[in-house]
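Have a look at the structure below, then the notes.
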There are 2 protein chains.
Amino acid sequence: MAEPDTVIGVMDRTDRQLLTLLQQDATQSYVALGQAVGLSGGTVHERVRKLRERGVIRRTTVDVDPAAVGKAVAAFVLIEANAWMGDPPTARALAELPWVQEAHVVAGAASVLVKVRAGSPEELQAVLKRLYRIAGVTGTQTIVVLETFFERPVDTGE
Amino acid sequence: MAEPDTVIGVMDRTDRQLLTLLQQDATQSYVALGQAVGLSGGTVHERVRKLRERGVIRRTTVDVDPAAVGKAVAAFVLIEANAWMGDPPTARALAELPWVQEAHVVAGAASVLVKVRAGSPEELQAVLKRLYRIAGVTGTQTIVVLETFFERPVDTGE
DNA sequence: TCTGAAAGCAGAGACGT
DNA sequence: ACGTCTCTGCTTTCAGA
């Protein structure tokens with residue numbers, strides 16, 4: 001049985017190893033990455049370039065401590081609606097709220113689930129108030145985060 | 001009234017601008033960042049170094065498409081328990097499951113909320129089965145993601 | 001597809017303002 | 001705290017296996 005490939009393209013063990021290493025520290029040099037996977041720097045450079053090109057690597061970014069930028073409070077909000085909310089207008093309305101970090105259309109009693117980050121409980125309340133102003137929203141259920149155990153990159157299998 | 005600073009240290013407007021720019025693209029050179037905020041490359045280099053030192057920037061990483069590494073299915077699982085689950089043993093048990101991308105202790109009916117990524121509904125089911133084997137777990141409520149509108153970095157206010 | 005080398009540039013830090 | 005300068009090292013490309 002062949003290695004299960006994705007729709008996007010060929011992904012061998014080395015590529016997944018590189019993704020894991022880059023997720024841990026994207027400031028590493030290609031030579032250092034090459035030593036870790038047993039390849040030359042030039043080859044690693046080419047592989048990473050292709051991973052970016054294919055969209056497997058979406059972007060290189062920095063992980064910022066939310067508390068340091070005044071977003072110490074996190075919450076998940078289940079949004080109920082009386083109409084279909086899985087369309088672009090809903091996505092846009094949610095994207096306009098900078099406190100909304102993630103938004104997903106979900107199966108179940110709720111229509112949409114959003115992850116919210118605010119500076120205080122009062123600010124969280126203000127965000128909830130604004131969520132109610134979005135077309136179709138009939139109710140919310142808020143789950144406040146008391147402590148975050150961990151938030152980590154997607155597992156690549158390597 | 002002075003600018004509200006965080007516990008971690010002084011964070012002025014320029015620092016928040018730099019964080020936003022780095023979240024968008026951490027491969028930019030310090031000179032390019034300097035042009036964007038009106039500073040020299042050397043000064044930006046020093047500011048970013050301090051942001052890393054203080055832990056405001058936790059790490060530089062790459063954003064990987066989950067579907068490309070065989071994790072096309074996402075779900076949020078609310079875990080109910082008959083004992084306090086906010087302790088390190090629970091965190092460790094959850095961290096051992098590579099499908100668990102995030103884990104939070106939450107307020108409300110559930111004790112813990114986890115974000116899970118799997119390759120298929122069957123694999124998701126297998127993960128749920130393993131969650132039940134963690135000490136104290138008495139039930140779960142699973143919210144399957146049908147479509148992700150967006151997942152983006154924390155808003156810095158700039 | 002990989003290696004190794006050559007050329008251009010960015011990163012890291014010392015120093016002066 | 002910011003800018004300039006320098007040196008070191010990495011990135012990027014390409015010829016060749």
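Lettering of chains follows the sequences in order, A, B, ..., and the numbering in each one begins at 1.
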Length of the line joining A/Gln28:CD and D/dG9:C1', which is rounded to integer Å: 16 Å
Return yes if a side-chain donor-acceptor contact under 3.5 Å exists between B/Thr60 and A/Thr27, otherwise no. no
Side chain of B/Lys50 (C-beta onward), nearest among D/dA1, C/dT3, D/dC2: D/dA1
Nearest-neighbour nucleotide for the A/His45 side chain, D/dT12, C/dG13, D/dC10 considered: D/dT12
Heavy atoms from C-beta onward define the side chain here; which of C/dG13, C/dC2, D/dC2 lies closest to that of A/Thr43? C/dC2
Choosing from C/dC2, C/dG11, D/dG3, which nucleotide comes nearest the side chain of A/Leu39? C/dC2
Check whether any side-chain heavy atom of A/Gln23 sits under 4.5 Å from a side-chain heavy atom of A/Thr156, and report yes or no. yes
Side-chain heavy atoms of A/Lys115 within contact of B/Glu102, under 4.5 Å: yes
Just how far, in rounded Å, is P of D/dC10 from CG of A/Asp25? 13 Å
Over 12 foreign heavy atoms within 6.0 Å of CZ, B/Arg130: no
Between C/dG4 atom C1' and A/Glu46 atom CD, what is the distance in whole Å? 15 Å
Among D/dA1, C/dC2, D/dG3, the one nearest A/Arg47 by side-chain distance: C/dC2
Please report the distance, rounded to the nearest Å, between CZ in B/Arg52 and P in C/dG13. 12 Å
Separation of atom OH in B/Tyr30 from atom P in D/dT4, rounded to whole Å: 18 Å
Can you measure A/Glu53 atom CD to D/dT12 atom P for me and round it to whole angstrom units? 14 Å
Quick note, A/Ser40 side chain, CB onward, closest among C/dC2, C/dT3, D/dC10 is C/dT3
Roughly how many Å is it from CG in A/Leu18 to P in C/dT1, rounded to a whole number? 14 Å
Rounding to the closest angstrom, what is the interatomic distance between D/dT12 and C/dA12 at atom P? 15 Å
Do A/Val73 and A/Glu123 have side chains that get closer than 4.5 Å, going by heavy atoms? no
